[in-house]
Structure formats: C-alpha cells, structure tokens
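Lettering of chains follows the sequences in order, A, B, ..., and the numbering in each one begins at 1.
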Amino acid sequence: MKEYTPISEFKNHVGEEVTVAGWCYSKRSSKKLYFINVRDGSGICQVVAFLPALGEEIGKICESLDQETSIIVKGKVKKDDRQIGGYELEMTYIEVVGESKDYPITPKEHGVAYLMEHRHLWLRSKRQHAIMRVRHNIVKAIRDFFNNRGFINVDAPILTANAAEGTSNLFETDYFDDKAYLSQSGQLYMEAAAMAHGKVYCFGPTFRAEKSKTRRHLTEFWMVEPEVAYMSLDEDMELAEQFVEYVVQTVVANCEEELKVLERDVEKLKAVKAPFPRVSYDEAVEILKVKKQEYAASDDEEKRKMSEDILKNGPGDDLGAADETVIGSMHDRPVMIHRYPAAVKAFYMREDPKQPGRALAFDMIAPEGYGEIVGASEREADISVLERKIVEHNLSLEAFKWYLDLRKFGSVPHSGFGLGVERTVSWLCGLTHVRETIAFPRMMDKIWP
RNA sequence: UCCUGGAUAGCUCAGUCGGUAGAGCAGAUGGCUGUUAACCAUCGGGCCGGGGGUUCGAGUCCCUCUCCAGGAGCCA
C-alpha cells in the first residue's frame, strides 16, 4: 500500500504533511483562493489553496477541477473547528488522476427515478455513503452476535429444487435439463444443520418474485436465519429480542457520525432494550377492534382513512400492514405478536398444544411504522402431523422427503427466526424506502444498474 | 395485478381563462483572500413523454399507449 493518509485519520497527523488520494466533492473559489472539498471514502475534508504561494501551474489545475475529478493532494493538516471534520488541509501540491466532465448528480435535489438510474454514482453521495456504513455495521453486529454465542455459520444453497412455501413467488431458472429455483429462505436447510450442530445460522441473499411495489419490498434481499435445536418458542422470543437489542445498540455506539448525517433521532434507538412487549394475536385483534373505532371517530382525516384498513382481512385472518403499524406505534421498542392462527401460517410451524388452531409463531414489528422485521416459529417435530400439513398445503411429499428424514432420525423440538437486513437498515437509518439500504437494489421493475 | 397521482431546459419544478414557454440549480464567461448547497454580473440552452382527437388555435381539454412515483395485497 502507498502511504496515503485517510481523511478520517487526520486527528493523528496535525501539523504534518500528508498525501490524500480522493475525489473533488465540491469547489468554491475567489481570485487567489480555492476551497476544494475532497472525499477519499473515509471522510470529507476542505483543502485550501492559496494561489500566490503555489504558482500559476497549480492555479490552472485548481481551476480545471470538476465535481468528482479524481485527485492526489499533498498538504499540511491544520486543526480548524469551523470545518465539518474539524480539520483542514493546506495544499502544497495537487495532481489530477482522472477528469470528470458533467457529473450527473449535483449537490442540489434530484428525483428518485433519476437517482436510481445513476445508482452506481449515487453511492458516492454523503447520505448513501452513511447508509452503506450503517449496513456494514449491522452485518458485522449480526455475525458477531451469533459467533460470540456458539452458533456455527452454515450457509444454505441459493439454487434449490423445491419451494418452502409454494411456488408462486419463486424465480425459476434452467438447471441443465431440469428446473431450479432461487432460494426464498434457508430455513429448511438450517433445520438440518441444527440437528448436526445444535445452534446454527445462515446469512445470505434470498429471492422472492412477489409483484410487490412498496417501501418494504425488494425481490432480492438479505436475511439472517438462526435455527436452534431443543429451543422453544418462548426461548426463541428471548433470543430474538436480545439479538435485535444487540444490533441496534451496536449501531448506536459505532455509527454516531453516520446517524448524524442521516438526521436519525438516536434517542428513539437508545430506547430499544429488551425485554420487548409480547402481544398475542388474540390480544392484538381486541386492541385493533378498539383502535378501529377510535380512529373512525377521529378528527384526523388520515386516521379515519386508516381505520378502514384496520382488521381489513377480518378476524381469524392474517394481520395487514395497517394493523402492524397501529400495534407497533403503541410502543417505543419492537413488539412481538405471537400465536397467529395456524391456518394463515406456513406448514412447518408447530401448532400450540395448549391452544389448538394457533401456531407457535411470532412476528417482530419494528416501531415508528417500519413493520415486520422478524418472522419466527417453533417447527413441527412430529412426522405424522408434518406429513398431513404438507398434503393440506397442496405440496408434494416427495419433494420434502429429505426434510421429513429430520423427523425420522432423532427428531427434537426446535425453533428459529429470520431477520430481514434491509428492513433493519431502513429502520435504523430512518429511511422512507428499502431501496436505499442495499448498494444495487433489485425490484419488480428495476434490475439496472 | 388493482387503486391514486405524475411526465415541460442537463436536474428540480412553475406555467392563470385554450392564444407557440419561465425560475432556481447545473454549464460557459468575467469579478472577489476565508468560502461551507459561497456570492455578484452576463450568456447559451426546449420534439412541453409517444400516438390520435376536439378547436381558427392545445403544454393546457378528451382518448390511448409507454414510463415513473405513492399505496394495497403478499411478505423479511
């Protein structure tokens, strides 16, 4: 590596001459003085060039700089509290590495469609830079949490032969003379791995061909899925709340600068401490019935409109987005809604022996309207029940032959959950749409760049 | 797939009653030793998304197609 000094390390080089390799972020000038904001990936710093001391040649170079021209600059680091990073570079030398004419993204406002078309360049912008760093910290915290608790990372395949939950939202691809599908969950494979290692997790991309056009959906998204042998649903809830608390508090501790750039209200994140409230599906429905009346009678037109969407699916059916928002907004931390009607949930979820018709499953709803971030359940361990449910869900017993083996050879109670990384990033960054949480989002109508 | 709203300068938008178009930013040129989305002056820049219709006349009204945004369902 060459001896370039990262801008983020300026605090250790005050008074020294350093070399910075980066890009021109913006430029202001008067006749004899240039102020060049340089970004190098680690940070942004103002470089000051006093032309009478530097000569005509350097003046010409400064004059020629456009937004995103790549440059190598030498200069002396000065502490300057007026600057955003707290430091300033007094230029002694500058060299252009690559020019940049008519850079499409100006410091002024742009529309969403335009920015998405230029996603490969948009990543350089301050907000996007901050989001990617928060995401990096979230991913690191996720791995650290499980690695530090004796979980083994066993990744699931991306190309699969059959579907976990029906074939309607699967991406299909040719697999030699056969068909294969892109994975929509690693869970079934993690159940196999948990029987080998006890505590496991997978972490990778998953794919859903849902024609969803909302702020919470991507067709390709990352999910972490822990699975633990001999773990009950209640223990699963404890694991999930400790996990989410750890991820959130790690980000609060490590991403102060980034959250400031994103203007995130950090106090709201600091409140995310276990235990999280637990609400049963039946309790949720009772709460929602009251809220529906309350909203319908409200002076606020928005609430009256929302009232129509509350319990729109009818009692006994799954909760909708409006229901989640209402329950979620009642607390300052995530809420776990558990024991949904078994009929609306996946075949592999165990029914509650104490409450027939209810599944041992929970969803974790993030506060501030960010919706479901975790889906979880205790898995059915009894082979005969599982076989019956596979048939009831119109799935092929043949396709699940290997999965049923797990119940044939030393079946044990086990549970796990899946956390959506993009929704978590969106929540922690306070974004309005998950499309900004991943470098190159894949959506229903967008697969470029 | 359904519902709603859009498409006008490179970008973000305004455009009155139907009478062939305007701002800010960006770009170019000039000015300024401390600027932070710098400022001041000047200049260039338009198939008003495509097609059809109504009209003497359409950016504006109607139909249609395409694309975009927001929402629903489904989900993480």
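Nucleotide B/A76 holds its P atom 22 Å from the CZ atom of A/R435, rounded to whole Å. If you take CD1 of A/I142 and C1' of B/A76, they are 12 Å apart, rounded to a whole angstrom. When rounded to the nearest whole Å, the span between CZ of A/F171 and P of B/C74 equals 19 Å. Separating the OH atom of A/Y34 from the C1' atom of B/A38 is a distance of 14 Å, rounded to the nearest angstrom. One can place NE2 of A/H118 at 18 Å from P of B/A26, the figure rounded to the nearest angstrom. Rounded to an integer number of Å, the gap from OH of A/Y25 to P of B/A38 is 11 Å. Spacing between atom CD1 of A/I310 and atom P of B/G71 amounts to 18 Å, rounded to whole angstrom units. Separating the CD atom of A/Q187 from the P atom of B/C75 is a distance of 14 Å, rounded to the nearest angstrom.
Residue A/E88 places a side-chain atom within donor-acceptor reach of the base of B/G34, judged by atom type and a 3.5 Å distance cut-off alone. In this model, no side-chain donor or acceptor of A/R28 finds a partner on the base of B/C32 within 3.5 Å.
Nearest to the side chain of A/K31, among B/A72, B/C32, B/U35, sits B/C32. Out of B/G27, B/G70, B/U36, the shortest distance to the side chain of A/R82 is found at B/U36. When the nucleotides B/C68, B/C75, B/U33 are ranked by their closest atom to the side chain of A/D445, B/C68 comes out on top. For A/F35, the listed nucleotide lying nearest its side chain is B/G34; candidates were B/C68, B/A76, B/G34. The side chain of A/Q83 lies closest to B/U36 when the candidates are B/A38, B/U33, B/U36. Among the nucleotides B/U35, B/G70, B/G73, the one closest to the side chain of A/Q46 is B/U35. Considering only the side chain of A/K213, B/A69 comes nearest among B/A69, B/G27, B/C32. Ranking B/A72, B/U35, B/C75 by closeness to the A/E210 side chain, first place goes to B/C75. Residue A/R208 places its side chain closer to B/C75 than to any other of B/U35, B/G34, B/C75.
At a threshold of 4.0 Å, the pair A/R379-A/E227 counts as salt-bridged, since one of the basic side-chain nitrogens sits closer than that to a carboxylate oxygen.
Looking only at atom types and distance, the side chain of A/N147 has a donor-acceptor partner in the side chain of A/Y201 under 3.5 Å away. No hydrogens or angles considered: nothing links the side chains of A/S125 and A/Q128 as a donor-acceptor pair under 3.5 Å.
Within the 4.0 angstrom heavy-atom criterion, no nucleotide atom of any strand lies near A/T206. Note on A/I105: nothing from the nucleic acid sits closer than 4.0 angstrom, heavy atoms only. Counting non-hydrogen atoms under 4.0 angstrom, A/V434 reaches nothing in the nucleic acid. Counting any heavy atom pair closer than 4.0 Å across all strands shown, A/D66 reaches no nucleic acid atom.
Remark: the separation of the P atoms in B/A38 and B/C2 is 46 Å, to the nearest Å. Taking atom P in both B/G46 and B/C11, the straight-line distance is 13 Å, to the nearest Å. Atom P of B/C39 sits at a distance of 46 Å from the matching atom of B/U1, rounded to the whole Å. B/G53 and B/U60 have their C1' atoms separated by 15 Å, with the value rounded to a whole Å. Nucleotides B/G71 and B/C63 have their C1' atoms positioned 26 Å apart, rounded to a whole Å. To the nearest whole angstrom, the two P atoms, one in B/U64 and one in B/A23, are 36 Å apart. Distance noted for atom P between B/U12 and B/G52: 28 Å (whole Å). B/U42 sits 39 Å from B/G70 when the P atoms are compared, rounded to a whole Å.
Applying the salt bridge (charged side-chain N to carboxylate O under 4.0 Å, His left out) test to residues at least two apart or on different chains, the pairs with a partner in residues 309-319 of chain A are A/D309-A/K312. For the ring pair (Phe, Tyr, Trp, His ring centres under 6.0 Å) condition, no pair includes a residue of residues 34-56 of chain A, sequence neighbours left out.
Of the residues near RNA chain B, A/K312 and A/T219, the one whose nearest nucleotide (by heavy atom distance) lies more toward the 5' end is A/K312. Comparing A/K446 and A/W222 by the nucleotide of RNA chain B that holds the closest heavy atom to each, the one mapping nearer the 5' end is A/K446.
With a glycosidic angle no more than 90° from 0, B/U20 adopts the syn conformation.
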Anything under 3.5 Å between a protein N or O and an N or O of nucleotides 40-49 of chain B, put it in a table, one pair a line.
none

Mind listing the side-chain donor-acceptor pairs of residues 94-102 of chain A below 3.5 Å, one per line with the distance, residues two or more places apart or on another chain?
from   : atom 1 : to    : atom 2 : distance (Å)
A/E95  : OE1    : A/Y93 : OH     : 2.6
A/S100 : OG     : A/Q67 : O      : 2.7
A/K101 : NZ     : A/D66 : OD2    : 2.7

Please tabulate, for side-chain N and O atoms in residues 329-337 of chain A, each donor-acceptor pair with protein atoms closer than 3.5 Å (sequence neighbours left out).
from   : atom 1 : to     : atom 2 : distance (Å)
A/S329 : OG     : A/T325 : O      : 3.1
A/S329 : OG     : A/V326 : O      : 2.9
A/R333 : NH1    : A/K273 : O      : 2.8

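A 6.0 Å sphere centred on NZ of A/K76 holds no more than 12 heavy atoms belonging to other residues, nucleotides or ligands. Counting non-hydrogen atoms of neighbouring residues, nucleotides and ligands closer than 6.0 angstrom, the CD atom of A/E256 reaches no more than 12 such neighbours. For A/K32, the NZ atom sits in a loose shell: 12 or fewer heavy atoms of surrounding residues, nucleotides or ligands are nearer than 6.0 Å.
The side-chain contact (heavy atoms from CB on, under 4.5 Å) search around A/H13 returns A/T5, A/E9, A/E16, A/V18, A/V77, not counting sequence neighbours. By the ring-ring contact (aromatic ring centres under 6.0 Å, His included) test, A/F417 is found to be paired with A/F243, residues two or more places apart in sequence or in another chain being considered. For A/H110, the ring-ring contact (aromatic ring centres under 6.0 Å, His included) criterion is met by A/Y114, not counting sequence neighbours. Applying the ring-ring contact (aromatic ring centres under 6.0 Å, His included) criterion to A/W222, with sequence neighbours excluded, gives A/F203.
Listed by residue number, the members of residues 317-334 of chain A with any heavy atom below 4.0 angstrom from RNA chain B are A/D318, A/G320, A/A321, A/E324.
Atom SG of A/C429 and atom CD of A/E263 lie 12.5 Å apart (nearest 0.5 Å).
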For Watson-Crick and G-U wobble pairs within 3.5 Å on both distances, what is RNA chain B written in dot-bracket notation, | included for inter-strand pairing?
(((((((..((((.....[..)))).(((((.......))))).....(((((..]....))))))))))))....

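The aromatic rings of A/Y246 and A/F145 sit tilted relative to each other, their planes meeting at an angle between 30° and 60°. Ring orientation note: the planes of A/F347 and A/Y403 are nearly perpendicular, at an angle over 60° on the 30°/60° scale.
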Contact letters for nucleotides 9-14 of chain B, in which S counts primed atoms plus P, OP1 and OP2 and B counts the base, heavy atoms under 4.0 Å:
--SS--

